[in-house]
Asks: 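Okay, handing you the structure first.
Quick note: residue numbers are just sequence positions, from 1.
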Amino acid sequence: MSEREGLLPKSTDVIIVGCGPVGATLAALLGQQGVNVLVIDKAPSILMMPRAIALDNEALRVLQMIDVGNRDFAQIAIPRVRMHSPVMGNFATANTQGTLDGHPKLVTFYQPELEQAIERRIKACQTVTVCRSSELITFKENEQDVVAMIKGPDGARKAVKCAYLVGADGASSLVRNLIGQGFKGKTFREDWLIVDARRKNAGPIDHVEFICDPKRAIPHMPAPGGRERWEFMLHPGETKEQMEHPAKIAELMAPWADKEDLAIERTAVYQFHARCCNAFSRSRVHLVGDAAHITPPFVGQGLVAGLRDVANLGWKLAWVIQGKAQPEILTSYDQERRPHALKMINLARFMGHLVMTRNTVSAFLVHGLMRTARLLPPLRRHLEELEIKPINQFDEGLFRRRRGFRQGRALRAGRQMPQFWLHHQGESKLSDDVFAQGLVMVGFGRDPKSALAPRQIQAWLDAGGRFLHIVERGGQVQRDDQAEDALGAALSRTPKGWLAVVRPDNFVMAEGPASQAQSMIWDCLGLLGEIDTVSILRSS
Ligand SMILES: Cc1cc2nc3c(=O)[nH]c(=O)nc-3n(C[C@H](O)[C@H](O)[C@H](O)COP(=O)(O)OP(=O)(O)OC[C@H]3O[C@@H](n4cnc5c(N)ncnc54)[C@H](O)[C@@H]3O)c2cc1C
């Protein structure tokens with residue numbers, strides 16, 4: 001545990017306002033890079049009420065970056081998501097079986113257990129100070145720094161200076177308001193009752209089901225520890241007090257279990273929102289997680305989107321603070337993250353309309369249409385194989401654009417690097433763990449250094465870059481900058497001799513044939529603002 005826990009410092013590199021799952025993950029990402037961080041939260045401890053229940057492979061991949069996985073918090077892999085109508089029966093199924101990029105496509109989990117695991121990770125970081133019962137009151141942003149006014153646990157106010165301030169302070173974010181960012185978008189007027197419970201005499205279901213009943217929509221899913229969640233859409237006129245009453249809960253739960261057979265863990269009424277602000281950053285201040293965007297949970301993407309935010313922002317802040325990149329790179333955070341967050345919100349709204357159709361006739365039509373769509377193979381794939389889910393891919397940002405991208409190729413600049421198994425230093429590892437959040441030039445079946453002059457190699461290393469040669473399955477691995485393609489998955493999807501530059505957040509920054517190795521280095525260092533290095537390279 002950090003010895004400085006609980007004490008507000010005078011200054012730090014980054015202040016993170018909010019130690020929910022998103023702020024805490026950012027603290028861990030920065031802490032493991034050795035950045036000085038102060039995380040404050042007005043709450044005295046972790047919120048023990050589960051909100052998020054589902055995570056996808058991308059979220060699990062971000063958690064992999066802070067070494068938090070299924071040994072730290074229990075997960076249930078979900079094989080399918082079924083949409084069921086009382087009239088049509090099962091009218092759509094999404095296949096979520098199997099893994100993608102090294103992780104299950106969809107799991108359910110228990111949020112407090114995840115938050116505890118992240119907190120343990122932060123406590124192991126010597127450069128992170130966590131101050132709970134500490135509230136941001138206001139801040140002032142100057143050209144060189146930000147000065148935050150924080151009310152500590154004793155009620156005293158203290159000014160703390162930082163280079164960057166991050167608002168991870170949830171849906172009612174003060175930081176968002178202080179940088180003048182309104183929340184644009186729609187509120188789903190429907191309220192939902194969430195019931196988390198355990199049945200004493202029956203096991204939970206193994207999949208997620210959406211009961212799309214115009215009389216009352218009910219999503220229902222299993223969670224670790226024998227838990228299940230039911231979400232009941234409220235009828236007009238039904239109040240929170242009525243719905244949270246034990247007699248009403250017993251009535252709603254009657255089709256699933258007897259009152260005596262049910263251990264209710266919690267009940268709560270929520271109103272869901274679909275909103276996003278117009279900019280995720282203003283100069284030295286950045287917004288992440290629910291402070292920047294909120295979405296109804298129909299596609300389980302609220303926390304997932306927040307985790308994508310911090311993976312994107314974390315390394316950029318660390319590289320700027322450590323002088324390895326120019327502050328201008330931080331503008332790419334908004335460019336890269338906001339469009340995708342908006343696409344996810346729109347997908348959740350679309351799903352919400354499918355689930356919440358109240359009118360029997362329109363439910364019949366919409367669900368019937370979905371059922372018919374399954375007969376057409378392209379539409380079936382779109383819906384059943386999750387192609388409907390927007391790809392996490394940038395239109396603009398910190399990557400080298402290349403013309404002539406061929407569909408079907410695994411590598412694409414501005415897109416996540418596929419993850420595969422490698423043998424490295426005598427162990428089997430997932431490739432992100434081998435890249436270890438570095439800036440890595442990877443050669444597929446070719447040593448990338450063989451395409452560069454010694455001076456260029458040195459300039460790349462001096463700028464904080466590394467090299468990795470992926471050797472064919474069965475090939476000899478003799479050095480630390482070599483790894484064997486353990487299952488043949490890396491080289492089967494990428495032409496031999498191809499190169500890629502992978503960013504610390506595991507996105508592809510540049511890719512191309514070995515003949516472009518030198519220009520890839522210029523371009524990537526240029527994007528990071530390493531102008532001196534670039535001029536040395538160009539003159540060599
Ligand atoms: C019913 C429900 C189901 C959901 N299901 C899913 C799901 O299945 N999958 C999914 O991905 N997402 C889901 N979500 C969304 C998910 O829960 C949120 O997106 C996620 O918890 C947001 O995390 P956060 O860290 O951004 O914000 P929060 O968890 O809200 O944390 C914000 C923190 O900031 C602190 N804070 C606020 N103001 C200040 C201040 N001025 N000073 C200091 N501290 C401050 C608060 O105390 C709080 O701890 C669901 C949400 C709900 C309500």
Asks: Could you state the interatomic distance from CD (Q456) to CH2 (W522), rounded to the nearest 0.5 Å?
Replies: 8.0 Å

Asks: Answer yes if the ring centres of F298 and F210 are under 6.0 angstrom apart, and no otherwise.
Replies: no

Asks: Can you list everything that forms a side chain to side chain donor-acceptor pair (under 3.5 Å) with R157? Sequence neighbours excluded, please.
Replies: none

Asks: Can you tell me how far CG of L38 sits from CD1 of I150, rounded to the nearest 0.5 angstrom?
Replies: 5.0 Å

Asks: Using a strict 4.0 Å threshold on nitrogen-to-oxygen distance, state whether K105 and D101 make a salt bridge.
Replies: no

Asks: Measure the shortest side-chain to side-chain distance between V37 and T129 over non-hydrogen atoms and say whether it is less than 4.5 angstrom.
Replies: no

Asks: Between V440 and V501, is there a side-chain heavy-atom distance shorter than 4.5 Å?
Replies: no

Asks: Decide side-chain hydrogen bond (donor to acceptor under 3.5 Å, both in side chains) for Q516 and R400; before the verdict, give the C-alpha distance in whole Å, the side-chain angles of both, and the deciding distance to 0.1 Å.
Replies: CA-CA 12 Å; Q516 292 181 8; R400 185 178 87 143; 2.7 Å; yes

Asks: Checking R227 against Y110: charged group under 6.0 Å from the ring centre and within 45 degrees of the axis?
Replies: yes

Asks: Walk me through it: do I15 and V160 pass the test side-chain contact (heavy atoms from CB on, under 4.5 Å)?
Replies: CA-CA 9 Å; I15 295 178; V160 183; 3.9 Å; yes

Asks: Got more than 12 heavy atoms from elsewhere within 6.0 Å of NZ, K161?
Replies: no

Asks: Regarding E396 and R401, does a basic nitrogen lie under 4.0 Å from an acidic carboxylate oxygen?
Replies: no

Asks: Angle class for the H286/Y164 ring planes (parallel below 30°, perpendicular above 60°, tilted otherwise)?
Replies: tilted

Asks: Return the SG to CG distance between C276 and L342, rounded to the nearest 0.5 Å.
Replies: 4.0 Å

Asks: Between V195 and R229, is the side-chain contact (heavy atoms from CB on, under 4.5 Å) condition met? List the steps.
Replies: CA-CA 6 Å; V195 178; R229 173 173 290 182; over 6 Å; no

Asks: Assess whether side-chain hydrogen bond (donor to acceptor under 3.5 Å, both in side chains) is satisfied between D395 and Q335, documenting all intermediate values.
Replies: CA-CA 8 Å; D395 292 331; Q335 282 175 330; over 6 Å; no

Asks: So do R132 and I40 actually touch side chain to side chain, heavy atoms under 4.5 Å?
Replies: no

Asks: Atom CG in L422, atom CG in D432: separation rounded to 0.5 Å?
Replies: 9.5 Å

Asks: Going by the side-chain hydrogen bond (donor to acceptor under 3.5 Å, both in side chains) test, name the single residue among E58, Q64, R61 that passes it with H103.
Replies: Q64

Asks: Under 3.5 Å, which donor-acceptor pairs link side chains of residues 167-177 to any protein atom two or more places apart or in another chain?
Replies:
| from | atom 1 | to | atom 2 | distance (Å) |
| --- | --- | --- | --- | --- |
| D169 | OD1 | S173 | OG | 2.6 |
| D169 | OD2 | S173 | OG | 3.2 |
| D169 | OD2 | L174 | N | 2.9 |
| D169 | OD2 | V175 | N | 3.0 |
| S173 | OG | V175 | N | 3.3 |
| S173 | OG | R176 | N | 2.8 |
| R176 | NH1 | A171 | O | 3.1 |
| R176 | NH1 | A291 | O | 2.9 |
| R176 | NH2 | A171 | O | 2.8 |
| N177 | ND2 | S173 | O | 3.4 |

Asks: Could you tell me whether R266 and E244 make a salt bridge, using a distance below 4.0 angstrom between a side-chain N and a carboxylate O?
Replies: no

Asks: With side chains defined as the heavy atoms from C-beta onward, is the minimum distance between L398 and F507 less than 4.5 Å?
Replies: no

Asks: Rounded to the nearest 0.5 Å, how far does CG of D309 lie from CG of L26?
Replies: 9.5 Å

Asks: Looking at E336 and K316, does any basic side-chain N land under 4.0 Å from a carboxylate oxygen?
Replies: yes

Asks: Return yes if some donor-acceptor pair links the side-chain N/O of E115 with the main-chain N/O of L47 below 3.5 Å, else return no.
Replies: no

Asks: Looking at F280, does the NZ or CZ of R337 lie under 6.0 angstrom from its six-membered ring centre and within 45 degrees of the ring axis?
Replies: no

Asks: Contact between D191 and Y270 at the side-chain level, heavy atoms closer than 4.5 Å - yes or no?
Replies: no

Asks: When you check the side-chain N and O atoms of Q416 and R308, is any donor under 3.5 Å from an acceptor?
Replies: no

Asks: Taking C-beta and beyond as the side chain, do L313 and V166 meet within less than 4.5 Å on heavy atoms?
Replies: yes

Asks: Of V62, L303, L106, which is the lone residue that meets side chain to side chain contact (heavy atoms under 4.5 Å, CB included) with L55?
Replies: L303

Asks: Could you label the plane-to-plane angle of the F467 and W460 rings as parallel, tilted or perpendicular, counting under 30° as parallel and over 60° as perpendicular?
Replies: tilted

Asks: What are the two closest non-hydrogen atoms of W319 and P504, and how far apart are they?
Replies: NE1-CG, 3.9 Å

Asks: Between Q75 and T108, is any side-chain donor less than 3.5 angstrom from a side-chain acceptor?
Replies: no

Asks: For the residue pair M417 and Q419, establish whether any side-chain heavy-atom pair is separated by less than 4.5 Å.
Replies: no

Asks: Do K389 and K343 make a side-chain contact, defined as non-hydrogen atoms from C-beta onward lying under 4.5 Å apart?
Replies: no

Asks: Working to the nearest 0.5 angstrom, can you tell me the gap between L528 CG and I329 CD1?
Replies: 6.0 Å

Asks: Apply side-chain contact (heavy atoms from CB on, under 4.5 Å) to the pair V128 and K123, showing each step before the final yes or no.
Replies: CA-CA 7 Å; V128 178; K123 284 181 175 171; over 6 Å; no

Asks: Would you name the heavy atoms of G18 and V39 that are closest together and state the gap between them?
Replies: O-CG1, 3.9 Å

Asks: Return the set of residues passing side chain to side chain donor-acceptor pair (under 3.5 Å) with W315 (not counting sequence neighbours), or none when no residue passes.
Replies: D505

Asks: Check step by step if salt bridge (charged side-chain N to carboxylate O under 4.0 Å, His left out) holds for R71 and D67.
Replies: CA-CA 10 Å; R71 65 195 177 288; D67 199 19; 2.6 Å; yes

Asks: Other residues, nucleotides and ligands only: do more than 12 of their heavy atoms fall within 6.0 Å of NZ on K151?
Replies: no

Asks: Does the pair V508 and F399 meet the rule for a side-chain contact (heavy atoms from CB on, under 4.5 Å), with working shown?
Replies: CA-CA 7 Å; V508 179; F399 65 96; over 6 Å; no

Asks: Would you confirm whether D72, through its side chain, and G69, through its main-chain N or O, come within 3.5 Å as a donor-acceptor pair?
Replies: yes

